[in-house]
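Proteins get letters first, then strands, A, B, ... in listed order; numbering begins at 1 in each.
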Amino acid sequence: MLLHRLAEVSGEVAATAARSRKTALLAELFGDAEADDVPIVIPYLAGRLPQGRLGVGRRVLGRPVPPAAEPSLTVREVDARLTELGKVSGPGSQAERSRIVGELMGAATATEQRFLLGLLTGEVRQGALDAVAVEGLARATSADPAAVRRAVMLAGSLQAVARALLADGPGALEGFRLTVGRPVLPMLAHSASSVAEAVEKLGSCAVEEKLDGIRVQVHRDGDTVRIHTRTLDDITDRLPEVGAAALGLAGERFILDGEVLSFDAGGRPRSFQETAGRVGSRVDVARAAREVPVAPVFFDVLSVDGQDLLDLPFAERHARLARLVPEPMRVRRTVASGTGGAAEAERFLAETLARGHEGVVVKALDAPYSAGRRGASWLKVKPVHTLDLVVLAAEWGHGRRAGLLSNLHLGARTADGGFAMLGKTFKGMTDAMLAWQTERLGRLAVGDDGHVVTVRPELVVEIAYDGLQRSTRYPAGVTLRFARVVRYREDKRPEDADTVATLLAAHPEVRP
DNA sequence: TTCCGACAGTGGGGTCGCAAT
DNA sequence: ATTGCGACCCCACTATCGGAA
């Protein structure tokens, strides 16, 4: 199949709003693909490279090259060249990658170039990624969409399912069972604004500590342990303590879901930055483990002794977990049900925060493990802080925000009467707010370099954030975590905005 | 008919490690 | 030795479609 066909369909998919039409377009294309094209075409249209990330970004892409007049590239040829690209490493590799990408781009038409660019940078904006590709695949192969979805979750990969489906038909889906050693997409949580709201929504529920670390899925099969992240990357080699802990448990075969984090000498959790840095260290793991030891804390079990527990209610899964994993390695929790449930949840949240944790996750006791879904049966609740800050500048948006001022630079007042930038945010704005701020900030503009519009520091905005973290990038030595706009405060003047000093005083645990 | 779950899009900061400078 | 880049951790929120209620 020609890449051109695929790029054109991607364009059509992007141009239509209806998901049913997107699905139909993808299904038609999958159906037209030859057997050898399919393992490439499907991931491409899901916005993914079969090879994974290839180390191609702005720098490697370099300047645009003139497009070819006529389409000639086949998807298999592109795939072969990208496989070659992925093998390049060592000194001179960046130039070599640039050369290969340039050659490929030079052979591509303008339409193909746009598609390839999106694919290489992970920004295929067609309003249809994994979920729609799964629907399309189901339709193209006359398989039940729900069964395909489930197989993808259990396989942790669309490609493997696509290959099996096309080779052996819908019957192949049964081959995708929960298997120790093969990671599944983890269940995710929604947000709730209070524990009362969460408990009201879920009824009988468990309230668990939300630990601010790295999510892990731990598989043990006899003497073998594999550890995977939320995106299913294998990080076994980086976490020897976790491997040892899994081998120390009284079970031979199991899959556990949990969080890894580091604690200080007093048993309080260390900052996310410290834990993430440790888990990210790959070169001298032994040294990293000495300096920042980590421990796993488990909250769910997906499989024990060959038995698939995914569809059991959480209450039963937890009973199995409690049999397998001793107390200190299990997340602290309480159960909230009936009258007084909300009050108990509230008490537990306060206690959890006092222990230095992030918040709580409220989980329905009757819910199955919805692998790969952000199911409504897990609700996280974290305290939210707010500040009044001053807009120092704004950046022009991309995609659907093109032509609108989007990303705000936020400043707090300093002792000398100026402002210190604390970070940026593009979150929380409605379309109406985007239009309003574009006009309003336009009137305050004092400079525009085509990317950043600098403004007179006069507009006050209320910002919500999850906490403070250390920063080497910003002048106050701190930055806001997950800042988002709540509303504009036109009733406030810049001299009413919050100061760096009050911000630091509100977060004594964080020092610049 | 209205409501709500699921998705895609729009990007944020930090850290590590490699390659380039 | 330092700097820049890319991958991957953490993530919030809004708009929209389409099925559920």
In whole angstrom, what separates A:L261's CG from C:dC9's P?
17 Å
Rounded interatomic separation in angstrom, taking CG from A:L434 and C1' from B:dG9
12 Å
For A:T275, report the nucleic acid contact type (base, sugar-phosphate, nothing); a contact means any heavy atom under 4.0 Å.
nothing
Within the 4.0 Å heavy-atom criterion, would you say A:T479 contacts the bases, only the backbone, or no part of the nucleic acid?
sugar-phosphate
Taking CZ in A:R48 as the centre, count heavy atoms belonging to other residues, nucleotides or ligands within less than 6.0 Å. Is the count above 12?
no
Centroid-centroid under 6.0 Å between A:F426 and A:H398 rings
no
Which part of the nucleic acid, if any, lies within reach of A:R19 when heavy atoms closer than 4.0 Å are counted: base, sugar-phosphate only, or nothing?
base
With DNA chain C as reference, determine whether A:R282 or A:D466 sits nearer its 5' end, using the nearest nucleotide of each.
A:R282
Going by the angle between their ring planes, with limits at 30° and 60°, are A:H219 and A:H228 parallel, tilted or perpendicular?
perpendicular
For B:dG11, does OP1 or OP2 lie under 4.0 Å from any side-chain N or O of A:H398?
yes
Nearest-neighbour nucleotide for the A:Q94 side chain, B:dA20, C:dA15, B:dA8 considered:
B:dA20
A side-chain contact here means heavy atoms from C-beta on lying under 4.5 Å apart; do A:L188 and A:R215 qualify?
yes
So what does A:L54 touch, heavy atoms closer than 4.0 Å: a base, only the sugar-phosphate, or nothing?
sugar-phosphate
Minimum-distance nucleotide (side-chain atoms of A:R59 versus B:dG11, B:dA20, C:dC9):
B:dA20
What integer distance in Å separates A:Q469:CD from C:dA12:C1'?
14 Å
Does a nitrogen or oxygen in the side chain of A:K380 sit under 4.0 Å from OP1 or OP2 of C:dA12?
yes
In this structure, how many angstroms lie between the P atom of B:dC18 and the NZ atom of A:K87, rounded?
21 Å
OP1, OP2 of B:dG12 versus side-chain N and O of A:N407: anything below 4.0 Å?
yes
Picking from B:dG13, B:dC16, C:dC11, the nucleotide nearest the side-chain atoms of A:K210 would be C:dC11
Side-chain atoms of A:T231 come closest, of C:dA12, C:dC9, B:dA8, to C:dC9
Could you tell me whether the phosphate oxygens of B:dT15, OP1 or OP2, come under 4.0 Å of any side-chain nitrogen or oxygen in A:S281?
no
For the side chain of A:S471, counting heavy atoms from C-beta on, which of B:dT10, B:dG14, B:dA8 is nearest?
B:dG14
Round to the nearest Å and state the distance from A:L379 atom CG to B:dC4 atom P.
14 Å
Roughly how far apart are A:L422 CG and A:Y474 OH, rounded to 0.5 Å?
9.0 Å
Taken to the nearest whole Å, CD1/A:I235 to C1'/C:dC10 is 13 Å
For A:E259, report the nucleic acid contact type (base, sugar-phosphate, nothing); a contact means any heavy atom under 4.0 Å.
nothing
Hey, does A:V56 reach any base, or is it just sugar-phosphate, or nothing, if we go heavy atoms under 4.0 Å?
sugar-phosphate
Using the side-chain heavy atoms of A:L129, tell me which of these nucleotides is nearest: C:dG18, B:dT10, B:dA8.
B:dA8
Looking at every strand, decide which applies to A:D130 at a 4.0 Å heavy-atom threshold: base, sugar-phosphate, or nothing.
sugar-phosphate
Separation of B:dG11 P from A:L408 CG (nearest whole Å)
11 Å
Partner of B:dC7 under the Watson-Crick or G-U wobble criteria, both distances under 3.5 Å, comes out as none
Tell me whether the OP1 or OP2 atom of B:dG14 has a side-chain N or O from A:Q273 closer than 4.0 Å.
no
Checking all strands, does A:Q126 fall into the base, sugar-phosphate, or nothing category for heavy-atom contacts under 4.0 angstrom?
sugar-phosphate
Under 4.0 Å between a side-chain nitrogen and a carboxylate oxygen: does that hold for A:R484 and A:D466?
yes
B:dG13, OP1 or OP2 - any side-chain N/O from A:R473 closer than 4.0 Å?
yes
What's the separation between atom CD in A:Q217 and atom CG in A:L185, rounded to the nearest 0.5 Å?
8.5 Å
Taking only side-chain nitrogens and oxygens of A:S191, does any of them come within less than 4.0 Å of OP1 or OP2 of C:dC13?
no
Give a yes/no on whether any side-chain N or O of A:T229 is located under 4.0 angstrom from OP1 or OP2 of C:dC8.
no
Indicate, with a heavy-atom threshold strictly under 4.0 Å, whether A:A464 touches base, sugar-phosphate, or nothing.
nothing
Between A:E395 and A:A131, who's closer to the 5' end of DNA chain B by nearest nucleotide?
A:A131
It should be established whether A:R230 places a side-chain nitrogen or oxygen under 4.0 Å from OP1 or OP2 of nucleotide C:dC9.
no
Phosphate OP1/OP2 of B:dC7 contacted by A:K22 side-chain N/O (<4.0 Å)
no
Where each residue is assigned the nucleotide of DNA chain B containing its nearest heavy atom, which of A:W396 and A:R470 is assigned the position nearer the 5′ end?
A:W396
Carefully, step by step, assess A:H507 and A:Y465 under the rule ring-ring contact (aromatic ring centres under 6.0 Å, His included).
CA-CA 12 Å; A:H507 300 277; A:Y465 66 104; 5.6 Å; yes
Whole angstroms only, please: what is the CZ-P distance between A:F426 and C:dA15?
14 Å
Mind checking A:V485 for me? I need base, sugar-phosphate or nothing, with any heavy atom below 4.0 Å counting as a touch.
nothing
Among C:dC11, C:dC10, C:dG18, which is the nearest nucleotide to the side chain of A:I214?
C:dC10
Return the nearest nucleotide to the side chain of A:K424; candidates are B:dA20, B:dG12, C:dC9.
B:dG12
What's the closest nucleotide to the A:T430 side chain, out of C:dT14, B:dT10, C:dC9?
C:dT14
